[in-house]
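Contents: one structure, followed by commentary.
Note that the structure is a prediction, hence the values are computed from the model and not measured.
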Amino acid sequence: MAHPTFKAQPPLNATLTASKRWFTSLGIWGVTAGAGALLLLSVTPLVRREVLAKTPVLGNYYEDKTPVSDKPF
């Protein structure tokens with residue numbers, strides 16, 4: 001029966017390996033949270049006007065084309 005052997009890893013290498021895993025996971029969670037927040041806040045006029053209307057690809061979709069005379073306030 002073979003016995004497992006373990007090699008010692010330099011501390012910097014172990015730290016880089018662990019940080020790559022954490023940063024990848026945190027990046028995915030961060031992008032997902034940001035996309036969810038924009039989805040939920042897309043009905044808010046401030047978010048629509050200041051963030052979504054200035055997005056290069058989606059800007060035309062979120063522009064307010066309602067005439068001033070038809071706006072209640």
Side-chain angles (χ1 to χ4, degrees):
M1 183 171 188
H3 295 284
T5 57
F6 299 103
K7 288 196 261 182
Q9 226 180 16
L12 181 62
N13 194 10
T15 304
L16 288 176
T17 302
S19 64
K20 282 181 191 176
R21 289 181 187 159
W22 277 102
F23 287 143
T24 302
S25 177
L26 290 174
I28 291 170
W29 279 100
V31 167
T32 305
L38 279 179
L39 177 67
L40 291 174
L41 293 173
S42 65
V43 296
T44 308
L46 181 67
V47 173
R48 184 176 289 214
R49 181 180 59 241
E50 296 296 325
V51 178
L52 296 174
K54 295 178 182 176
T55 305
V57 178
L58 301 173
N60 290 334
Y61 181 76
Y62 287 106
E63 280 182 10
D64 187 19
K65 297 178 179 127
T66 307
V68 178
S69 61
D70 289 342
K71 293 182 183 179
F73 300 105

Of all the heavy-atom pairs spanning [X] and [Y], show the shortest one and how long it is.
{"X": "Thr32", "Y": "Ile28", "result": "OG1-O, 2.8 Å"}
{"X": "Asp64", "Y": "Lys71", "result": "OD2-NZ, 2.9 Å"}
{"X": "Pro11", "Y": "Thr15", "result": "O-OG1, 2.8 Å"}

Closer than 3.5 angstrom, by distance alone: can the side chain of Ser25 be matched with the main-chain N or O of Trp22 as a donor-acceptor pair?
no
Working to the nearest 0.5 Å, report the span between CD of Glu63 and CZ of Arg49.
13.0 Å
OG1 (Thr44) and CD (Glu50) are apart, to the nearest 0.5 Å, by 12.5 Å
Would you say NZ of Lys7 has more than 12 non-hydrogen atoms from neighbouring residues, nucleotides or ligands within 6.0 angstrom?
no
Is the NZ atom of Lys20 crowded by more than 12 outside heavy atoms at less than 6.0 Å?
no
Linking Ile, Leu, Val, Met, Phe, Trp and Tyr by side-chain heavy atoms under 4.5 Å, what else ends up with Val51?
Leu38, Leu41, Val47, Leu52, Leu58, Tyr61, Tyr62
